[in-house]
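As structure tokens, the structure follows; a few thoughts come after it.
In the text below, chain A, chain B and the rest are named by the order of the sequence lines, each starting its count at 1.
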Amino acid sequence: MSRLSKKSPALCTDLPLENPDICQKLNVFKQLLTSCFGPNGKLKQVHNNIGGHSVTTSTSEVLLQSVSPSHPLLKFIAASVLNHVGRFSDCGLFAAILCFALIDQAKLSGLRRNVSISINQYLLDICTAYLHQDECGCKVQLDFSSSKNLITLARSVISSKPACMLREQEALHISMLAVQAFLLTVPCESPGNVRLGSTVTVAVEGPPVAQSAVFPGLMLEIPDHFKLSNKNNFQSQPTKMVLFSVSLSGDLFETDEGTVEVYHGADVESQILDQLLVLGRCAVEDRVELFVCQKVIHPVLQQYLNQHDVVVLERLGAALVEPLAELTGSQPLASLLSTIPPEAYGLARGLNVKNFGSKKMLHLEAPGEAVICTMVLCHRNQTLLSELKVVVQKAQHVLRLTLREPSALLGGGCTETHLAAYVRYEGIRRAAEATSSLCCSPTEYLLGTEAFARSLEGVARALEHDGGTPMVDLTHGHHWAVPVDETPDLEGKPLRRCGCGLVRGSSVESWTFLSTKYAEFSPAVPPGGRAAAAQPAVLDCFAAKMNALQVAVETANLLQDIRYIVQDKN
Amino acid sequence: MWCRPCVCWRRSFSAALGPDGGQVLFTRDTGQLMLSRSGKQILTALRLDHPLARMVVECVWKHSENTGDGSKTFILLLASLLRGIQTAASKGSVGGHVYTNRAAVLAAGARRTAEELLAFGLEELAEVILVGVVPHTASLSWESGLKHRDPEAPPRSDADADPCPLQRLLATFFYTRLGRTHAQLASRLTRDLISLWRPPADPPALTLRLLERNFGALHTAVCGLPAGGSRLVEGQVIHRDFAVPPRPPQPGQREQPPVRAVALVGAGGSLQPNTILSGTVLQVGGPGGGAEEADPEGGVLKYSAWAERSLEGAVGRLRGLGVTLLLSAGRQTQAALGAARRAGLAVVECVEEEELALFAQLSGATPATVCGRVGREHVGVLSFCEPIVLGAHRYVHVGFPGAAVRPHSLVLCGAGEGQAEQGAGAVRDALRMLLAMWEPWQRTTEDEHAASPGAPSHPRHPKNGQSRSDGAGPSREGALDPRGTVPAGGEFEFLLHRALLRHGEGPGGQRPGGEGGVPAPCRLLADALLTVPRHVYSQGPRRLMQAQTLSLGRSRSTALQCDGDGGGGGGGGGGGGGDRGGGGVSGVGLRVSPAAAEQSPGAPPRASDAGLESVSCKYRLILAVLQCLCSVLRADAVLHLHKSSRATASPEDTGDDDDDEDDER
């Protein structure tokens, strides 16, 4: 007991959001995240003070994982955003920026904590109900008969991550690959519940991005000296294969907690090796042509198999066992004692060797239809490659989410400004109902509505990093960015296109600067906007943005609700 | 000595008290974040050093384990009682004593007052509540609470337009624990959970007990999704993924065959017999004579082959019983998983014992301990078994056939880990609170014991104190309806405050000892009680006045009705609530509450005003506070030992002064 060090008392902070020190910290964190937002976002280079790996990124997930905030409030926000990104992959920065904007605006509006929280929740419900409506003006139905909108969706995700350093053509290429890989994982014919396949991503450093490609089936990395013998005819007929998940290196089996005593003269190794060779003979007799093991194979067994023209592949790794078993229909064997049961064998087709930069890979395809494909991603260096890998995985996840909810939201800040206009209009229309159910005064309600709408507009404004002027049109409520070298003109010369590219400047009569007061109006749906044929240039994932919106408001509400912080300093 | 720690907690508690209270954010020493409005968790997280403080924390823990609620009120009451006692003691001891002895006199006085208070609480408080509060309560009945509920209807159909009293009670509780925005959803989920689990004929307490005990296995906290996504799912969620997934159904098969499952528990719960336990030795190539090592060439292989064969045998036996799902508490070997995969037997390994116990209870099958001896009685039939993805994890979802009870599991979502956990803790405490209302409460012997030292020295009943607490007390308690509820928002405190001040009056309002004759414990307790509403309404003193007036009006009108003068209630009401009178006693909570919202537009949130609180929980809370108070004041010194406890030399008694050798913060 005397060795136990004394626990120190906890550190307490009262009313954290009114503490200038904490506000300063929140502000810095907000600026850090805001500056990363959107396709023109600034990159962040993170490295710790003892050297080591440095990360260049602008995605919220990577950034928040590598930067560990010290203050509990910041940790709280970071955890919420990371949890959201973990589920939906996209819109992490959106959630964070909206959350900060809501807190700032609530403070500016001077509303009481409880009032502001309940108004935010009320307006959130209005927003979610609107976004789920069919008449929603910022939603586009996805049409699966054409890949155009899918490619737009993937491209919006990819081009909003500038740390990949992709040129426009490259971004398009990668988006097309992402959609191709996604389509390959959707089974063509399966009744009832559809089970999506998987995409294995292989990263190759060195070759240009344009060499990235998607292959049906699996690409297994192989050593340099690997050769396919010419005797086998891999192209014309399926190859019989067997897959082991147990080590074939000649180790002793698992003995649990007991002891094994080996006496002089007993040669355990040779006994096990004999057994391995029995297995090998069994495989050869059953005409196995491909022998794969998750772990290491004894060299003697390898040699034996090679002599009998069996292709041997060892050290596959645990991650690839399941896709390979699924692709070939084989059952991974976990025991080397019994003979190989006939149902454990699998079939593969079209074995061939492909080279990507420094890597040599064995390509195999399924004998029939399979929903497994491999994406080979190439990029110039390691940093860019790791970011690209993250981004492509996000894009694929976003594409998968469209199966659950086949619609997308307009990107480029247009959803935010449109929603802000809607909240102003609808919120004020429902003012009487709201004030009675929220038990607040009409003034408070108006202040709360304005704060909420401005927070949404704040997210659209965060897209601008180079001094341009964000504007909003007074017909559709879309977001328009005026470049820094042009002077914005409210009446005369129309802007060319809005942020998402759906509205042309000619169809709009008047604009106003974003976050100035304007008479509330019901934002109109752009002509042909809801039709599946509409093709905006930027699209956001519906499910991800929806969840991000809810998470941001809930997190902001909770943060405002925090009255006290207790930090355990042990 | 005892006052300081209590006073310094008050700040963090009042931050989180009541409907207007905020959240408290913690970082644990592991760096984990936790969000809470539960007093119990706040107390634990404060990591208090002072031994007396730790004792108080223990009392709070014990109380809230029993009733799930009231830990913040506990501290507020305790602190204000302590202050009251201190003031009273210092007033009473002025003059007549030598200064050096004053501290001792103070301490003794305080101790005596505390004992008097406890004796009063144990003997007379029930009666006071019965007279002063119970006429204003509405008894909550289970059936009326759930009669609107049609289990087949979609959950949103009732739209919470007219929430039943049970749901209002729950909503009030969740309001203070989860905040306004999620209170309705949480209370609806809890109500539905209970009604789905309860067989129609069973008393509610059984179901509540079952739910409370198995809550860990019954809920899943999911983070990353908005709290609005919380829901009930049918069946049980086993918080593990398949080690071996079930075989996909054959294309030709239309009907899914029922799933037969076996649960394996204990050390022998492995498919592969592990004969090489620790301590046993497998000899290879030995001098001969043993059973296994007879053949020097094939010893190892022979053993392994035997193990393999028995594994096949075990799997074959399960297949013979038609088993397609194996739930195992332990980890299975790779070989065993391979064999199961080949045999088409789905395996879930490393399942928590708690979940297996619940599974066994729901499926009606006995868990097997040795795989070789699985029989028919170990096989349970499930209606389905499928993977379910909740948040980042994939779990196994099983359903049970049956009509009377439809077991459901609770899925609680939150944006961060802390929020989902907070929701889970709140639901569990709500179950405890309901259990406290539905389960007959027996005062424990410990409680009685705590009272006994004070009883002989009791000034007002010097002789028969003991007998009273044996006889009259429990019978009074029996009359106290455990399900009685009063409107939330300080109503109970106001009522009891007035009842305490009137306690001991004659029938005509005449007090034997004149106006100042309110017994000291009554006055102390009455004053302390008022601190609770004072903190609840700390944001607006005006609202405290309003609430108090309202309560006064309400009680007058009820009193008139009780006298059979229901029609006069309208005129008799002094406050705003009186004109709403006219219904029966049970209507009080329902009728007056909306008036409260009309009374002060903009200020009070409606849910709290329409809410309900349990009287018996409050009563138990006061008793717990009084007991804790007594034990705090009985300690007269704190000894800090800097050596290990074994090496303690005879600790010198510091005497009966308040000379504590601790280093308070």
Side-chain angles (χ1 to χ4, degrees), chain A residues 1-2 7 9-10 12 14 72-73 75-76 79-80 83-84 86-87 113-114 117-118 121 245-246 252-263 265-266 268 271-272 275 331-335 337-338 341 343 439-441 547 550-551 554-555 557-558 561-568 570, chain B residues 11-12 15-16 20-29 33 35 45-47 49 179-181 223-228 274 276-278 280-286 296-301 304-305 308 333-335 337-338 341-342 391-392 415-417 419 597 602 604-606 644-645 665:
Chain A
M1 283 299 282
S2 58
K7 296 266 186 195
C12 304
D14 202 2
L73 280 188
K75 261 190 207 165
F76 184 74
S80 286
N83 276 326
H84 159 76
R87 296 299 93 73
R113 195 167 47 90
N114 275 351
I117 289 173
S118 46
Q121 190 66 37
S245 60
V246 69
L252 211 57
F253 54 88
E254 296 169 26
T255 55
D256 296 326
E257 297 136 356
T259 347
V260 176
E261 279 180 13
V262 181
Y263 285 83
V268 179
Q271 284 177 23
I272 294 178
Q275 178 60 31
Q331 289 171 2
L333 291 168
S335 137
L337 288 155
S338 46
E343 69 269 18
C439 300
C440 64
S441 71
N547 197 65
Q550 283 166 306
V551 163
E554 273 184 16
T555 310
N557 280 351
L558 276 172
D561 207 17
I562 289 174
R563 289 268 299 268
Y564 209 77
I565 297 179
V566 180
Q567 279 169 279
D568 196 332
N570 288 302
Chain B
R11 237 164 110 78
S12 62
D20 281 343
Q23 309 267 359
V24 176
L25 179 71
F26 301 104
T27 47
R28 295 200 185 138
D29 45 2
L33 283 177
L35 200 61
L46 281 176
R47 283 210 182 279
D49 254 351
R180 168 174 190 155
T181 43
C223 52
L225 299 176
N274 47 350
I276 311 190
L277 294 169
S278 55
T280 48
V281 177
L282 176 70
Q283 295 181 335
V284 179
E297 284 305 307
V300 173
L301 293 177
S304 312
E308 200 93 340
T333 58
Q334 279 298 317
L337 293 180
R341 186 176 286 119
R342 281 198 299 282
E417 201 172 324
Q419 283 116 287
R606 199 166 47 178
S644 72
S645 50
R665 288 189 282 126

Which atoms of B:L35 come close to chain A, meaning under 4.5 Å heavy atom to heavy atom: side chain ones, backbone ones, both, or neither?
side chain
Using non-hydrogen atoms and a 4.5 Å limit, figure out which bit of B:L225 sits close to chain A: side chain, backbone, both or neither.
both
Heavy-atom pairs under 4.5 Å with chain B, option from A:R87, A:Q550, A:Q331 with the top count
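Max contact count across the listed options: A:R87.
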How long is the gap from CD1 on A:I565 to CG on A:L73, to the nearest 0.5 Å?
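A:I565 CD1 to A:L73 CG: 4.0 Å, rounded to 0.5 Å.
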Ignoring hydrogens and angles, tell me if any N or O in the side chain of A:N83 forms a donor-acceptor pair with the backbone of B:G391 under 3.5 Å.
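Side chain of A:N83 to backbone of B:G391: no pair is present.
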Over all atoms of both residues, closest heavy-atom pair of B:G416 and A:S80:
N-OG, 4.2 Å
At their closest point, which heavy atom of A:E554 faces which heavy atom of B:G228, and how far apart are they?
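Shortest heavy-atom contact: OE2-N, 3.9 Å.
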Which bit of A:L333 is near chain B, if near means a heavy-atom gap under 4.5 Å: side chain, backbone, both or neither?
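Side chain only.
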